[in-house]
Amino acid sequence: MILKNAARAAAISTAILAGMVTAPGQASADTTGPVVSQIGKAQTDTGLELTAHIDAPAGVTSVTATLTAGTANVPDTFVSAVTDFHLVSGTATSGTWQSSGSLGLDVYASYRVAITAQDSEGTVSLPGHGLLAYRPSAVFHDTAYEPTTLSFEHQDINVTGRVTEYDPAAGDTGTPWPTPAGMGVFVTWDGHTSPRNATAADGTFAFTVHPGAVQNTTLHVFFVDSTAYAEGPDSEPITSVDSPARITLDRTGSTGALVGSTQVISGTAEGQQEDGTWVPLANAKLLIQADVGAAWATTDVTGRFSQTVSVTNDTTIWTVSELRPFLTPTSVSYTVAKPVAKVSLYANKPTVDAYSRLHISGYSTFPGNALPNGRVYIQQSNDGHTGWTNIGSTTFGSAASGGFATSMLTVTNPHGYWRYYYPGAPGFTAAYSPVVHAFRYQTAISGGKPSSTRVAKHHTVTISGTLKQNGYGSWTPLPKATVQIFFCPSGSSTWHLITSARTSSTGHFAAHPTITRSGTWRVVYKAPDQVHVNAYGPMVKVSAI
């Protein structure tokens, strides 16, 4: 603000002359004489005036300023002398003196200033020197910062005002000072600087800054163009307040999800306005964090967010936190409880040998190192769909060793279907392997008993019967097959092949061995190929008499 004449002596704006460190002028003969220092300038409503601080124990009686055009590299050219100084503060022995009225300078330029003072004893000081930039300067008017309290609803500060030109010859401040883009007004705060904003043709400016969440800071406004630099009034203290925030999840968790599967954590983030209305938080970053692992989710314009996370072996609590400025920190929890490890079983293609023994192997996959209650059952079905029954069990190796198992067991149906079955355990799923199949014809001997159980020595006995086979349909005769007749003498455990017989087209066979001693007889069919299994008749004891 430009001071009026009446108030000039009481309130004065001074500044050390820009671009030069002033040197005090010592007394010419007596060190107790006047000393001139702190040469400066004052903007008044009648023009630019000079100021100087003068210490003079005998009291100042006159002050003289000499203004010379040019710089240190240009020869001095005398321009003007100013002798009308008056005391504006302090006393005649130590005070500040200021020139009165126009300096009488006609050209905007830089001027070298030398000021001397004389005291009541006639002692004249050495000159105090300075450099006066005599040209128009910028003046701020009506600078305003709105608001000065930042909040969720009001995160920007609008800076407005007007810049005019101060005329150093007449003291006039009515001329607007327009600037082009890239020049003009800017503000600083806490180490940050806004872009420069041009002033309009009438000198006004209006722009917005986004200082972020700040507490107890101050905005400083500046003006700059190619010929001027000026600092305007500071803002009132800038503070910020936090508003309530909330996160609403679509669901708060799950129970029994498979280990290794994924979960989608989704919901809506909102902030509360001053009137209590909840509005979406658009483009807000949310931290989704567990004990191990973290992710970020960004809301859309409706405040919606979604993030996919993986299910681990243990119960996991994911915390969703809102970290946006001007909002009270808030978080919610998403719990993945009692995760279930998925167990998978696989069976290799099995085989059945001639003795109706099933050879089956497979492997399993599951998290961890061992299946709890690790008994895995081998099941059989005649058609691969119904009638599944347990025919045996096995234990799979540890996951670290590949989880393999192999079994051999006698089956009643050599052309059946088989699978593995794990009934499950707490934290582990039940599992079935894919169904596997093997094929051999089932065989059977009907009859096969000796015609008598008491036979005189060296007489014959007739052993006859029928050999049958069964695939997927009904039982049929097995023709042109060889059956063997075995004998185990009483008191011995060794079986001896005595004779053999060939089946007819109807599967019938008959043999007539001679009885020489007591013992047990049995008919056996030993499969000569890869598609039948062995068959055994009854064991019958015949006594030789």
Legend entry - Donor-acceptor pair, side chain of N390 and main chain of G392, under 3.5 angstrom: no
Legend entry - Atom pair OG1 (T299) and CG (L281), whose distance is rounded to the nearest 0.5 Å: 6.5 Å
Inset, instruction - Could you walk me through whether Y145 and V209 pass side chain to side chain contact (heavy atoms under 4.5 Å, CB included), step by step? - result: CA-CA 10 Å; Y145 305 84; V209 294; over 6 Å; no
Inset, instruction - Report yes if the side chains of F222 and T193 come closer than 4.5 Å at any heavy-atom pair, otherwise no. - result: no
Legend entry - Minimum heavy-atom distance L345-A431, with the two atoms named: CD1-O, 3.6 Å
Inset, instruction - On the 0 to 90° scale, with breaks at 30° and 60°, tag the F205-F140 ring pair as parallel, tilted or perpendicular. - result: perpendicular
Inset, instruction - Enter the distance from D190:CG to I238:CD1 here, rounded to the nearest 0.5 Å. - result: 10.5 Å
Legend entry - Nearest atoms (heavy-atom pairs only) where L371 meets F428: CD2-CD2, 4.1 Å
Legend entry - Minimum heavy-atom distance between A257 and S254, given as atom pair plus value: CB-OG, 4.1 Å
Inset, instruction - Could you please spell out the steps behind the side chain to side chain donor-acceptor pair (under 3.5 Å) verdict for T199 and T179? - result: CA-CA 5 Å; T199 53; T179 56; 3.0 Å; yes
Inset, instruction - Take Q263 and V311 through the side chain to side chain contact (heavy atoms under 4.5 Å, CB included) test and state the conclusion after the steps. - result: CA-CA 7 Å; Q263 298 272 293; V311 178; 3.5 Å; yes
Legend entry - Step-by-step side chain to side chain contact (heavy atoms under 4.5 Å, CB included) determination, W418 to V352: CA-CA 12 Å; W418 295 275; V352 176; 4.0 Å; yes
Inset, instruction - Check whether any side-chain N or O of T316 sits under 3.5 Å from a backbone N or O of D314 as a donor-acceptor pair, and report yes or no. - result: yes
Inset, instruction - Tell me, yes or no, whether the heavy-atom count around H359 atom NE2, taken from other residues, nucleotides or ligands under 6.0 Å, exceeds 12. - result: yes
Inset, instruction - For the residue pair L249 and I265, establish whether any side-chain heavy-atom pair is separated by less than 4.5 Å. - result: yes
Legend entry - Residue R251 excluded, over 12 heavy atoms near CZ under 6.0 Å: yes
Inset, instruction - Mind jotting down which residue pairs meet the ring pair (Phe, Tyr, Trp, His ring centres under 6.0 Å) criterion with at least one end in residues 310-356? Sequence neighbours excluded, please. - result: Y346-Y363
Inset, instruction - Examine distances only and state if a side-chain atom of E153 and a backbone atom of E274 form a donor-acceptor pair shorter than 3.5 Å. - result: yes
Legend entry - Side-chain heavy atoms of I391 within contact of Q379, under 4.5 Å: no
Legend entry - Atom pair CZ/CD1 of R419 and I360 - distance to nearest 0.5 Å: 11.5 Å
Legend entry - Side chain proximity check, H210 to D156, heavy atoms < 4.5 angstrom: yes
Inset, instruction - Check whether any side-chain heavy atom of R304 sits under 4.5 Å from a side-chain heavy atom of S266, and report yes or no. - result: yes
Inset, instruction - Please list, chain by chain and in numerical order, all residues satisfying side-chain contact (heavy atoms from CB on, under 4.5 Å) with E236, sequence neighbours excluded. - result: T148
Inset, instruction - May I ask you to decide whether D353 forms a salt bridge with R357, counting only side-chain N to carboxylate O separations under 4.0 Å? - result: yes
Inset, instruction - Tell me, please, which residues at least two apart from E146 pass side-chain contact (heavy atoms from CB on, under 4.5 Å). - result: none
Legend entry - Rounded distance (nearest 0.5 Å) linking atom OG1 of T217 with atom CH2 of W189: 9.0 Å
Legend entry - Atom pair CZ/CD1 of R522 and I445 - distance to nearest 0.5 Å: 8.5 Å
Legend entry - Test item: S331 side-chain N/O and T319 main-chain N/O as donor-acceptor pair under 3.5 Å: no
Inset, instruction - Verify side chain to side chain donor-acceptor pair (under 3.5 Å) between S381 and D383, making sure each step is shown before the conclusion. - result: CA-CA 6 Å; S381 167; D383 61 10; 3.0 Å; yes
Inset, instruction - Examine distances only and state if a side-chain atom of T503 and a backbone atom of A481 form a donor-acceptor pair shorter than 3.5 Å. - result: yes
Inset, instruction - May I ask you to check whether over 12 heavy atoms, not counting those of D291, lie within 6.0 Å of atom CG? - result: no
Residues 484-498, side-chain donor-acceptor partners within the protein, below 3.5 Å, at least two apart:
residue : atom : partner : partner atom : Å
S490    : OG   : S518    : O            : 3.4
S492    : OG   : T494    : N            : 3.1

Inset, instruction - Tell me, please, which residues at least two apart from W177 pass ring pair (Phe, Tyr, Trp, His ring centres under 6.0 Å). - result: F223
Legend entry - Side chains of S364 and V376 in contact at under 4.5 Å (non-hydrogen atoms): no
Inset, instruction - Taking all non-hydrogen atoms of both residues into account, name the closest pair between S452 and R454 and its distance. - result: OG-O, 3.0 Å
Legend entry - Which atom of I157 lies closest to which atom of P147, heavy atoms considered: CG1-O, 3.5 Å
Please tabulate, for side-chain N and O atoms in residues 528-541, each donor-acceptor pair with protein atoms closer than 3.5 Å (sequence neighbours left out).
residue : atom : partner : partner atom : Å
D529    : OD1  : V531    : N            : 3.2
D529    : OD1  : H532    : N            : 3.1
D529    : OD1  : H532    : ND1          : 3.2
D529    : OD2  : H532    : ND1          : 3.1
Q530    : OE1  : R440    : NH2          : 3.3
H532    : NE2  : Q469    : OE1          : 2.7
N534    : OD1  : A527    : N            : 2.8
N534    : ND2  : Y536    : OH           : 3.4

Legend entry - Minimum side-chain heavy-atom gap S464-H508 below 4.5 Å: yes
Inset, instruction - Would you indicate whether the side-chain heavy atoms of W278 and P244 approach each other to under 4.5 Å? - result: yes
Legend entry - Check: T514 side chain, H458 main-chain N or O, donor-acceptor pair, under 3.5 Å: no
Inset, instruction - Check whether more than 12 heavy atoms from other residues, nucleotides or ligands sit under 6.0 Å from atom CD1 of I317, and answer yes or no. - result: no
Inset, instruction - Return yes if some donor-acceptor pair links the side-chain N/O of R246 with the main-chain N/O of T330 below 3.5 Å, else return no. - result: no
Inset, instruction - For S356 and T410, indicate whether the former's side chain and the latter's backbone hold a donor-acceptor pair under 3.5 Å. - result: no
Inset, instruction - Give me the one residue out of W388, Y377, F396, F404 that meets ring pair (Phe, Tyr, Trp, His ring centres under 6.0 Å) with Y420. - result: F396
Inset, instruction - Compare every heavy atom of T160 with every heavy atom of A206, then report the nearest pair and how far apart it is. - result: CB-CG2, 3.9 Å
Legend entry - Rounded distance [0.5 Å steps], OG1 in T499 versus CD1 in I463: 9.5 Å
Inset, instruction - Return the orientation label for the Y441 and F439 ring planes: parallel under 30°, perpendicular over 60°, tilted otherwise. - result: perpendicular
Legend entry - Donor + acceptor pair across side chains of T335, S333 (<3.5 Å): no
Inset, instruction - Determine yes or no for a side-chain-to-main-chain donor-acceptor pair under 3.5 angstrom, with D234 supplying the side chain and H220 the backbone. - result: no
Inset, instruction - Any chance you could lay out the side chain to side chain contact (heavy atoms under 4.5 Å, CB included) test for W296 and L286, step after step, and finish with the verdict? - result: CA-CA 6 Å; W296 290 92; L286 305 180; 5.9 Å; no
Inset, instruction - Look at the side chain of K480 and the backbone N and O of S504, then say whether any donor-acceptor pair between them is shorter than 3.5 Å. - result: no
